[in-house]
Amino acid sequence: MGARATETTRELESTSIKYQIGGHTEKMWQRLKGILRCLVKQLEKGDINVVDLKKNIEYAASVLEAVYIDETRKLLDTEDELSDIQSDSVPLEVRDWLASTFTREMGIVKRRPEEKPKFRSIVHAVQAGIFVERMYRRTSSMVGLAYPAEVIVTFKIPVPNLISFAEALEVGYSKYKNPYHNLIHAADVTQTVHYIMIHTGIMHWLTELEILAMIFAAAVHDYEHTGTTNNFHIQTRSDVAILYNDRSVLENHHVSAAYRLMQEEEMNILANLTKDDWRELRSLVIEMVLSTDMSGHFQQIKTMRHTLQQTEGVDKAKAMSLILHAADISHPAKSWELHYRWTMALMEEFFRQGDKEAALGLQFSPLCDRKSTLVAQSQIGFIDFIVEPTFSLLTDSMEKIVMPLIEEASKSGSPAFGTPSQNSLGAVNNAEAQRRPSFKSASDGGTHTENSLATVDLTSFKDNLMKIIQANKERWKELAVEEELVKNVGEQETDQSRNSTEAQLQEETTRIQNESSQGGDGTACPPRSIVLQVVSFDTPLSDESNSEKCTNSDPNQKDLTDAQQETQNTDPLNGEPKHCKKSEDLVKATEQKEALIQN
Ligand code: CMP
Ligand code: MG
Ligand code: ZN
């Protein structure tokens, strides 16, 4: 009996060494399982003494530990993803930016001064006309009343509190007058999260509390954003950087400040949650919002990819975090007109940070020097290395989670598969309905469900997204050719090329403006079609009429889109309400451009 036990030990020893050298994790797990079973059998037979047993278990533990360490190391190792970025096809500036922004491991690589081409017109061209509209209705009385009574009762949110909270959020998002991180971005991300939950069918996997957590997290995810990056906070030793010890500085602030609002009784929208629900929601919201810190991007992708390869189910908080993260970087998956506007708004925000850095004598952060930033190139990099992999992972994850639900529901004729009579909101006490709520449109009298699992078409969802992302990338490639020209030609010789690039970008901006912003009186108000595209993936490129489809086909988006249609008066460039007259920004941009040309 001792001999057999020693054999087991030897086997364990050799595999443990083999593992540490070779590292075939999957095989190792199988082997380890076999060995443990063998030990169990020997135990059952009484065929092993205590000393051997102890030795064997210790070996098994050491192998397990080795597997664990290696797996953890692999998970933490983002070098695989980053190695592609080192390819020569990606300009140095873009590589530096990707490496320094989307990982925690690499510091900012110093850029060489000779590699800063003059490229200064983009912002001015863009300032001339970006209009998206407001997130919330200003008239507070309309907020709650737009919802059917059952919905309000179901979610237990006191309407006056919701109104006060939404107004406070609006104020916080407008505090720093950011071109990009303003209340429209918050509305856009919230709507996109909502869209993803419905169109992937993932809402049938989530409980009502989790759905609330998703929407809430999206709404607060950039609350009181300062318009500057975490790195800027750290470099300038800002109060928040000190408060949060340089760790996810902004993200910590967004959640903390939003929760602080709810400490006021009249803004406490979670007042009616039970203690347990309140805690669960808070834990989910914290995890989700902290996961929007882009420096954790590669790690998040890697961990989730790894999870998908396992046979076990997907962790809910991780899946929800991925949805929020994807929604947060989703504008490249929307029509070119929208994507271009969002990008330029973000660039302006970055450039304003660059202005501050210059004034403080700090080195420019990547993409923050308005005179040299390669916008088109950076967007190609952003799409290639960040957006595409994220959406590919998102759709794969949704598939893994939702396909079994669809199969199960189709077999059992579950309510989530769309039997109208079973989809009443009145059925929330039923366990099945709690787990897989099916929301109804306010207009259908509660007899019909649009968002059952039966209507989920993940293939179209994925194809549509990927098509739009690719098309946007192609547009940037066209612009990058000009950009490259400007970069390569010497300073004196650039005038002509720069003018042509300026002209091309100006042309692009004017074209977009003309397409989207011409009110009947010649003023620059966004028409409905563009407004609706802000909040939907439904928009194939060059199909402007599709926006109509969004309103009609997607009643679950009705409340937000209605609110947006009726208040189309906020300028995303400064987060302030805008009225339908020629904007001050337009005038300012024209003046700046004229000054630039004269210089
Ligand atoms: P935030 O909205 O806080 O979280 C997601 C981040 O992605 C966003 O801030 C930007 O820093 C970054 N991001 C979004 N869109 C782009 C883009 N088009 N180019 C570069 N970075 C982007
Ligand atoms: Mg953020
Ligand atoms: Zn954001």
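First listed ligand is number 1; within each ligand, the first listed atom is number 1. The first residue in the sequence is number 1, and the count goes up from there. Quick caveat, the model's predicted, so the values are computed rather than measured.
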No-hydrogen, no-angle side-chain donor-acceptor test under 3.5 Å, Arg279 and Ser283: no
Which angle, to 10 degrees, forms at the Zn ion (ligand 3) with NE2 of His185 on one side and OD1 of Asp328 on the other? 90°
I'd like the atom name of the N/O/S atom in His221 lying closest to the Zn ion (ligand 3). NE2
Heavy-atom contacts with His185 under 4.0 Å: which atoms of ligand 1 show up? List them by number with element. 2 (O)
For the Zn ion (ligand 3), find the closest N/O/S atom belonging to Asp222 and write down its atom name. OD2
Decide, yes or no, whether a salt bridge links Arg305 with Asp396 under the criterion of side-chain N to carboxylate O below 4.0 Å. yes
Residues Arg352, Glu349: salt bridge by 4.0 Å N-O rule: no
for atom 15 (N) of ligand 1, nearest protein heavy atom and its distance come out as His331 NE2, 2.8 Å
Using 4.0 Å as the upper bound for N to carboxylate O, is an ion pair formed by Glu388 and Lys473? yes
Closest to atom 17 (C) of ligand 1 among Phe350, Phe382, Trp97 (heavy-atom distance): Phe382
For ligand 1, which atoms, with element, lie under 4.0 Å from some heavy atom of Asp222? 1 (P), 2 (O), 3 (O)
N, O or S atom of His225 closer to the Zn ion (ligand 3) than 2.8 Å: no
Just need the protein heavy atom nearest to atom 18 (N) of ligand 1, so name the residue and atom and give the distance. Gln379 OE1, 2.7 Å
I'd like to know if the side chain of Asp246 pairs up with that of His233 as donor and acceptor (distance under 3.5 Å, no hydrogens or angles considered). no
Between the side chains of Thr192 and Lys334, is a donor N or O closer than 3.5 angstrom to an acceptor N or O? yes
Heavy-atom contacts with Ile329 under 4.0 Å: which atoms of ligand 1 show up? List them by number with element. 5 (C), 7 (O)
Run the ring-centre check on His181 versus His221 and record whether the distance is less than 6.0 Å. no
Identify, for atom 6 (C) of ligand 1, the protein heavy atom at the shortest distance, and state residue, atom and that distance. Met294 CG, 3.5 Å
Between Phe102 and Trp97, what is the ring plane arrangement, given parallel below 30°, perpendicular above 60°, and tilted in between? perpendicular
The Mg ion (ligand 2) has as its nearest N, O or S atom from Asp222 the atom OD1
Students should be able to answer this: which protein heavy-atom is nearest to atom 8 (C) of ligand 1, and at what distance? His181 NE2, 3.9 Å
Just wondering, is there an N, O or S atom on His181 that's nearer than 2.8 Å to the Zn ion (ligand 3)? no
Of all the non-hydrogen atoms in the protein, which one sits nearest to atom 4 (O) of ligand 1, and at what distance? Asp328 OD2, 2.8 Å
Have Asn230 and Glu251 got a donor and an acceptor in their side chains that come within less than 3.5 Å? yes
I'd like to know if Arg341 and Glu337 make a salt bridge, using a cut-off of under 4.0 Å between side-chain N and carboxylate O. no
Closest approach of any protein heavy atom to atom 22 (C) of ligand 1, naming residue and atom: Leu346 CD2, 3.1 Å
